[in-house]
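Along the sequence shown, residues carry numbers from 1.
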Amino acid sequence: MCAEVERAPEGREGSFVKHGCDHIFFIGFLGAGKSTLARNLGDMFHRPFVDTDRLVERRCGRSIARIFREEGEASFRKRETAALRSLKSEQSLLVSCGGGIVETPENIDLMHAMGTVVYLEGDFSDSLRQIRSVAARPDFKSRAHAARLFDYRRPLYVGAADLTLDIRGKTFEDVSYLCAEMLLERGLI
């Protein structure tokens with residue numbers, strides 16, 4: 001089981017000591033490229049990658065959109081926390097997190113207890129360009145709603161992050177190499 005992470009004093013981003021699990025969690029808004037990054041880094045460093053949304057779907061046998069529709073968001077969030085908690089028994093995972101994972105304080109604590117949290121920071125317009133299927137995104141009720149959600153979640157991402165990677169104006173390949181470099185420099189991968 002994973003131990004706690006000792007976080008550095010305020011203002012010393014990236015300076016922390018972790019014990020136990022060495023997962024790397026990727027957080028950010030819809031369309032930030034979290035899953036693509038986890039998969040790319042997994043290929044580069046021969047590490048397994050998982051997606052918390054896919055974990056919930058496999059356990060439930062239903063899509064997230066259907067869970068939202070049939071049970072509501074609160075039920076999905078409980079399932080998301082359970083999926084995250086289940087990663088405690090694993091080692092060295094690259095974890096793509098659903099966009100709303102930071103809305104549950106316990107999730108932030110769990111991620112810090114199990115490893116390092118990397119925020120993929122981008123603009124709202126970048127996210128919109130990357131979203132292929134709006135129907136598969138239950139958080140995306142309308143462009144205006146998604147913009148409000150983006151504004152609401154941004155400080156949650158910033159507060160949860162151990163490290164932040166600016167993805168604006170970068171290709172997925174650029175982001176993968178920059179993230180790999182950042183993680184290697186800190187001995188995290």
Exercise: identify the closest heavy-atom pair between [X] and [Y]:
{"X": "K170", "Y": "D166", "result": "NZ-O, 3.0 Å"}
{"X": "A180", "Y": "L41", "result": "CB-CD2, 3.8 Å"}
{"X": "F26", "Y": "C179", "result": "CE2-SG, 3.7 Å"}
{"X": "T52", "Y": "G98", "result": "OG1-N, 3.0 Å"}
{"X": "A38", "Y": "L94", "result": "O-CD1, 3.6 Å"}
{"X": "V56", "Y": "A83", "result": "CG2-CB, 4.0 Å"}

Please confirm whether the backbone N or O of [Y] pairs with a side-chain atom of [X], one donor and one acceptor, at under 3.5 Å?
{"X": "Y119", "Y": "G159", "result": "no"}
{"X": "H23", "Y": "L93", "result": "yes"}
{"X": "R186", "Y": "M182", "result": "yes"}
{"X": "S96", "Y": "S35", "result": "yes"}
{"X": "K34", "Y": "L120", "result": "no"}
{"X": "S176", "Y": "N40", "result": "no"}
{"X": "R47", "Y": "S92", "result": "yes"}

Test item: side-chain donor near acceptor, D162 and T116, under 3.5 Å: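 Side-chain D/A pair, D162 to T116: absent.
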
Quick one about S86 and R59 (side-chain donor to acceptor, distance below 3.5 Å, no hydrogens or angles considered), yes or no?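 Yes, because at least one side-chain N or O of R59 sits under 3.5 Å from a partner of the opposite role on S86.
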
Measure the spacing between [atom1] of [X] and [atom2] of [Y] and express it to the nearest 0.5 Å.
{"X": "T36", "Y": "F172", "atom1": "OG1", "atom2": "CZ", "value": "4.5 Å"}
{"X": "L37", "Y": "M44", "atom1": "CG", "atom2": "CE", "value": "8.5 Å"}
{"X": "I67", "Y": "D53", "atom1": "CD1", "atom2": "CG", "value": "9.0 Å"}
{"X": "L163", "Y": "E185", "atom1": "CG", "atom2": "CD", "value": "10.5 Å"}
{"X": "F45", "Y": "I24", "atom1": "CZ", "atom2": "CD1", "value": "8.5 Å"}
{"X": "R77", "Y": "E106", "atom1": "CZ", "atom2": "CD", "value": "13.5 Å"}

Could you check whether atom OH of Y177 has more than 12 heavy atoms from other residues, nucleotides or ligands sitting under 6.0 Å from it?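 Result for OH/Y177: open.
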
Could you walk me through whether R66 and E57 satisfy the salt bridge (Lys or Arg N to Asp or Glu O under 4.0 Å) test, starting with their C-alpha distance in whole Å, then the side-chain angles of each, then the deciding distance to 0.1 Å, before giving a yes or no? CA-CA 10 Å; R66 189 169 165 201; E57 286 179 334; over 6 Å; no

Pair [X] + [Y]: basic N to acidic O under 4.0 Å:
{"X": "E121", "Y": "R168", "answer": "yes"}
{"X": "E103", "Y": "R153", "answer": "yes"}
{"X": "E71", "Y": "R62", "answer": "yes"}

Does the side-chain contact (heavy atoms from CB on, under 4.5 Å) test come out yes or no for L87 and M111, once each step is laid out? CA-CA 9 Å; L87 302 179; M111 289 186 289; over 6 Å; no

With side chains defined as the heavy atoms from C-beta onward, is the minimum distance between [X] and [Y] less than 4.5 Å?
{"X": "E181", "Y": "L184", "result": "no"}
{"X": "L84", "Y": "M114", "result": "yes"}
{"X": "P48", "Y": "E90", "result": "no"}
{"X": "V118", "Y": "I27", "result": "no"}

Apply side-chain contact (heavy atoms from CB on, under 4.5 Å) to residues T81 and L110 and explain how you reach the verdict. CA-CA 9 Å; T81 300; L110 285 166; 4.0 Å; yes

Relative to the ring of F29, is the ring of F150 parallel (under 30°), tilted (30 to 60°) or perpendicular (over 60°)?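 Correct class here is perpendicular.
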
